[in-house]
Amino acid sequence: MKILVLADIHANSFALGAIRESFDACLFLGDLVEYGVDPIPCINWIKTYATAAVRGNHDHSVAQRVPPSAGGGLRQLAGATRRLHWNLLRPAHFKYLSQLPVTQNLILDGFRFYLVHATPRDPMDEYLAADADAWRGRLENVEADFICAGHTHIPFHLDLGDCQVLNPGSVGQPRDGDPRASYAIIENGQVQLKRIEYDIDATVRQLQQSGLEPELIELAASTLQSGGRHHS
Ligand SMILES: [Fe+2]
């Protein structure tokens, strides 16, 4: 069985569209929206093809109409794209984002999966890197063979012995210095972290046509073009 694992698409439909893997199941780990300006195809794709999906902090902010917070940089970009999304999305989209569960357990191919956007301690907001001891501490009460999480936009795979922790990285806004779309495949229990080039210029043109302020377009473009190196 071939399982496609995706996270942090962030309204980047060109990055999502570049992933042309066949799959028997698809797991989505949250953050369909914000930072990019083309959320509808991303929501529709996950709604159609994901076997299971969880809610990210950005999905939550859009769906629950959380007022954009003060602060510059990527936070300001998130707030500005959230306002654009509020005009663009229809009730069915808000309903889909708001009903996404915060965690999910499921069995696929004989393996127990636990899905969460960030960590079991703080399911939508905690940033936890590829630190085996820290992850062991978070997993005392989680029973699963594969723990799949996103949120950091940096891919990793940790084998903790009795379980494996997988972060597929970000489809639509990588932050590990590699601008290619990031995702993972689990095939017959074997994890592969993968990258694929996509048309970043097309995503930047969408940003330019969105009505965002020029300095936010510049920030979004440089983050995508550098793979987040300047902002991680
Ligand atoms: Fe994210």
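Quantities reported herein were computed from a predicted structural model and do not represent experimental measurements. Just so you know, ligand 1 is whichever comes first in the structure, and atom 1 is the first atom listed for that ligand.
- Remark: the E143 side chain and the Y114 side chain contain no N/O donor-acceptor pair separated by less than 3.5 Å.
- For the pair P168/L29, a side-chain contact is recorded, criterion being any heavy-atom separation below 4.5 Å from C-beta on.
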Residues 206-216, side-chain donor-acceptor partners within the protein, below 3.5 Å, at least two apart:
unit_1 : atom_1 : unit_2 : atom_2 : d
Q206   : NE2    : D38    : OD2    : 2.9
S210   : OG     : L207   : O      : 2.6
S210   : OG     : L212   : N      : 3.2

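- By the 4.0 Å N-to-carboxylate-O rule, R112 lies close enough to D145 to be salt-bridged with it.
- Taking a cut-off of 2.8 Å, the protein N, O or S atoms nearer than that to the Fe ion (ligand 1) are D8 OD1, H10 NE2, D31 OD2, H153 NE2.
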Residues D176, R195; criterion salt bridge (charged side-chain N to carboxylate O under 4.0 Å, His left out); working and verdict:
CA-CA 12 Å; D176 63 345; R195 304 304 280 252; 2.7 Å; yes
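- In this structure the side chain of W135 reaches within 4.5 angstrom of the side chain of I147, judged on heavy atoms.
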